[in-house]
Amino acid sequence: MMKALVYGGPGQRAWQSKPKPIVRDPGDAVVRITTSTICGTDLHILKGDVPTVTPGRILGHEGVGVIEAVGPLVSTFRAGDRVLISCISACGICDVCRKGMYSHCRTGGWILGNTIDGTQAEYVRTPHADTSLYHLPPDADEEAMVMLSDILPTGFECGVLNGKVEPGDTVAIVGAGPIGLAALLTAQFYSPAAILMIDLDDNRLRVAEQFGATALINSSQGTAVDQVMALTGGAGVDVAIEAVGVPTTFDICQAILAPGGRLANVGVHGKPVELHLEKLWDRNIAITTRLVDTAAIPMLLKLVRSGKLQPAKLVTHRFAIGDIMKAYDTFGNAAQERALKVILTNP
Ligand SMILES: [Zn+2]
Ligand SMILES: [Zn+2]
């Protein structure tokens, strides 16, 4: 047996005993988790927003660990290897994977902590191990590495790449939580001229300033659009990255786009939004959506190793994995607790 964080239905979670996972399919690995974390998506699940997650499921889709066992078809990993677990499991050979859209793999995608048991546990079974795990560099800082399971690739692929950030662009990021900050860190690879950070919380905005935001906009008074227009001389922004997932923040994004602008949606939306085509139809804009493919993990690993990307800056709280119930309380009260990412360790 092992201990794991188990979803019990909306509003219900418990740290309880579950059977230790075993290799089931020949491409599986079983990983002993050494570092994990909690994602905003886990909070959505606990609110009951993600119907594919059923009671009894072990949550978590981010993690670093040591391989315990591998199935007979796994060729690149063996017991004892330290690995980074991608939040996306991908077979690498189905038609969708061959298009590079691993998030929609026919037999994978976002399944960990969703349709199969996840990483907020002492052990996890990872399907398609060869194409879903990454060897950790020998000197790897696990806190930095676990940020590459989901939030760094998500901010980068869904926000920065889909938004086509170019040198000299004016970029607005709506939402200064971990994903928005990940977009902020990785947008700077492309030398935008200005990055405007928009959030309700002054503490998060101050963090964004330390991470490279050039202007901070508190949207709590409902004047974010006016402030962006004033700051850009009425022009609007080249790229608006939506990193929250509610109608208000999507509305801000569509109202601040310059002609030719790109609106890159990252947020997980639970409600419909009103699309203002009566204002946008002639403005040459593009709106993109995406689930992270984590195809950028190898590139991000290199940038972390070189020190050009420092994702461990996102870590604000640390808990032993046995204290995960307390960690959820802290993360669920992020504004009051000034929490960004909480680290869970299983030494
Ligand atoms: Zn996540
Ligand atoms: Zn596939």
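Here the structure is a predicted model, which means the values were calculated and not measured. First listed ligand is number 1; within each ligand, the first listed atom is number 1. Keep in mind that the numbers below use all heavy atoms, side chains included, and drop hydrogens, waters and symmetry copies.
Protein N/O/S atoms found under 2.8 Å from the Zn ion (ligand 2), listed by chain and residue number: C91 SG, C94 SG, C97 SG, C105 SG.
Nearest heavy-atom pair across L181 and V207 is CD1-CG1, 4.0 Å. For the pair A243 and G175, the tightest heavy-atom approach, listed with the atom from each and the gap, is CB-O, 4.0 Å. Across W110 and N114, no two heavy atoms sit closer than the pair O-ND2, 3.0 Å.
Just one residue in the list K313, K341, R318 forms a side chain to side chain donor-acceptor pair (under 3.5 Å) with E143, and that residue is R318. When D202, D199, D201 are each tested for a side chain to side chain donor-acceptor pair (under 3.5 Å) with N218, only one passes: D202.
For the Zn ion (ligand 1), the nearest N, O or S atom contributed by D150 is named OD2. Restricting H61 to its N, O or S atoms, the one at the least distance from the Zn ion (ligand 1) is NE2.
Remark: the N265 side chain and the T289 side chain contain no N/O donor-acceptor pair separated by less than 3.5 Å.
The aromatic rings of F156 and Y190 lie parallel to each other, their planes meeting at an angle below 30°, with 60° marking the opposite boundary.
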